[in-house]
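Below you'll find the structure, written out as structure tokens, and then a few comments.
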Amino acid sequence: MATTNLSKYDKATIPNAKNFRFGIVVSEWNPDITENLYVGAEAALLENGTLKENILRWNVPGSFELIYGCKHMLETQKLDAIIAIGNVIQGETKHFYFVCEGVTLGIKDLNIKYDIPVIFCVLTDNTKQQSIDRSGGKHGNKGIECAIAAIKMAALREF
């Protein structure tokens, strides 16, 4: 589990995102968590120069559907990076492991196949409290961290 604040970064080291266009695909499952992650990601993009009209949001039913949502966004939109936002919390069955592995490998595959970075902003926690702590709670907001990663990866594409 994270021991540092996920929301802290040195703004002086972040490229200006004014000319970048970002997609964000958000899972509707555990919406209290995923909405907080989205709010953090959007705020960080805007704070670093992204224009509001250059942030495209699509919702999908759950974390497993993030793969198709991101793929469809990659194939139909002109973007510099995508952030996939989801949340999977450990339950009493093996379903948690299948979803986590599928989403992880699916997003990895998108990064290999396409020339647009897809940032993994999927919390895979043991408890709801851990997800709360990482989506605006005591550990900050993973959405902010992932938005900063998206900006850096979009800038990397320019080299």
Side-chain angles (χ1 to χ4, degrees), residues 1-63 65-88 103-125 130-159:
M1 187 50 61
T3 57
T4 60
N5 189 315
L6 300 166
S7 302
K8 292 185 178 178
Y9 63 93
D10 180 1
K11 193 169 191 288
T13 66
I14 309 305
N16 187 302
K18 179 182 176 188
N19 296 319
F20 296 141
R21 189 159 188 260
F22 296 97
I24 304 177
V25 182
V26 183
S27 167
E28 295 172 335
W29 193 258
N30 296 324
D32 52 330
I33 303 299
T34 59
E35 281 304 312
N36 285 344
L37 294 169
Y38 174 80
V39 167
E42 181 186 49
L45 291 173
L46 294 171
E47 181 178 307
N48 286 283
T50 305
L51 303 175
K52 179 90 170 160
E53 60 267 21
N54 286 338
I55 300 172
L56 173 65
R57 177 187 173 148
W58 287 359
N59 291 341
V60 295
S63 290
E65 291 77 25
L66 288 169
I67 304 160
Y68 178 81
C70 290
K71 178 181 179 286
H72 191 60
M73 192 178 268
L74 284 163
E75 293 176 343
T76 63
Q77 304 298 312
K78 184 171 173 25
L79 301 166
D80 295 292
I82 294 176
I83 303 168
I85 294 178
N87 178 230
V88 186
V103 174
T104 301
L105 293 176
I107 291 177
K108 179 264 303 176
D109 289 345
L110 294 175
N111 276 296
I112 291 170
K113 181 175 180 178
Y114 295 92
D115 190 36
I116 306 296
V118 179
I119 307 303
F120 187 87
C121 186
V122 181
L123 298 183
T124 57
D125 294 312
Q130 288 174 337
S131 294
I132 292 168
D133 291 344
R134 297 175 69 212
S135 62
K138 69 180 182 180
H139 293 303
N141 190 316
K142 184 75 170 175
I144 294 170
E145 179 183 55
C146 290
I148 298 306
I151 293 168
K152 289 180 176 182
M153 293 303 291
L156 181 65
R157 292 185 66 234
E158 294 184 333
F159 291 111

Y68 vs H72 aromatic rings, parallel, tilted or perpendicular, using cut-offs 30° and 60°?
parallel

Heavy-atom nearest pair, G62 first then W29, reads CA-CB, 4.1 Å

Nearest heavy-atom approach of T34 to S27 is OG1-O, 2.8 Å

Closest non-hydrogen atoms of L37 and G86, given as atom of the first, atom of the second and distance, are CD1-O, 3.9 Å

*Return yes if some donor-acceptor pair links the side-chain N/O of S7 with the main-chain N/O of N141 below 3.5 Å, else return no.*
yes

Review point. Got a donor-acceptor contact below 3.5 angstrom from the S63 side chain to the N87 backbone?
Key: yes

Without placing hydrogens or testing angles, list every side-chain donor-acceptor pair under 3.5 Å for residues 113-122, not counting sequence neighbours.
residue: Y114; atom: OH; partner: E75; partner atom: OE2; Å: 2.4

Does the side-chain contact (heavy atoms from CB on, under 4.5 Å) test come out yes or no for I24 and L56, once each step is laid out?
CA-CA 6 Å; I24 304 177; L56 173 65; over 6 Å; no

Those residues at least two apart in sequence (or on a different chain) that pass side-chain contact (heavy atoms from CB on, under 4.5 Å) with D32 are N30, K128

*Judged by atom type as modelled, is there a donor-acceptor pair below 3.5 Å linking the side chain of N54 to the main-chain atoms of T50?*
no

*asked:* Set out, in order, the CA-CA distance, both residues' side-chain angles and the distance that settles side-chain hydrogen bond (donor to acceptor under 3.5 Å, both in side chains) for N59 and Y38, then state yes or no.
replied: CA-CA 11 Å; N59 291 341; Y38 174 80; over 6 Å; no

Backbone N/O of R21 and side chain of D80: donor-acceptor pair under 3.5 Å: yes

CG (D133) and CD (Q130) are apart, to the nearest 0.5 Å, by 7.5 Å

Heavy-atom closest pair (V60 atom, G69 atom, distance to 0.1 Å) is CG1-CA, 4.1 Å

Correct closest heavy-atom pair for F22 and L79 would be C-CD2, 3.8 Å

### Message
Before you tell me yes or no, could you show the steps for L110 and I112 under side-chain contact (heavy atoms from CB on, under 4.5 Å), namely the whole-Å CA-CA distance, both residues' side-chain angles and the distance that decides it to 0.1 Å?
### Response
CA-CA 5 Å; L110 294 175; I112 291 170; over 6 Å; no

Heavy-atom closest pair (T124 atom, R134 atom, distance to 0.1 Å) is N-NH1, 4.4 Å

**Q.** Residues E53, K18; criterion salt bridge (charged side-chain N to carboxylate O under 4.0 Å, His left out); working and verdict
**A.** CA-CA 11 Å; E53 60 267 21; K18 179 182 176 188; over 6 Å; no

Does the salt bridge (charged side-chain N to carboxylate O under 4.0 Å, His left out) test come out yes or no for K11 and E47, once each step is laid out?
CA-CA 9 Å; K11 193 169 191 288; E47 181 178 307; 5.2 Å; no

Where the side chain of K142 meets the backbone of G136, is there a donor-acceptor pair that is under 3.5 Å apart? no

Sorted by chain and number, sequence neighbours left out, side-chain contact (heavy atoms from CB on, under 4.5 Å) with D109 holds for none

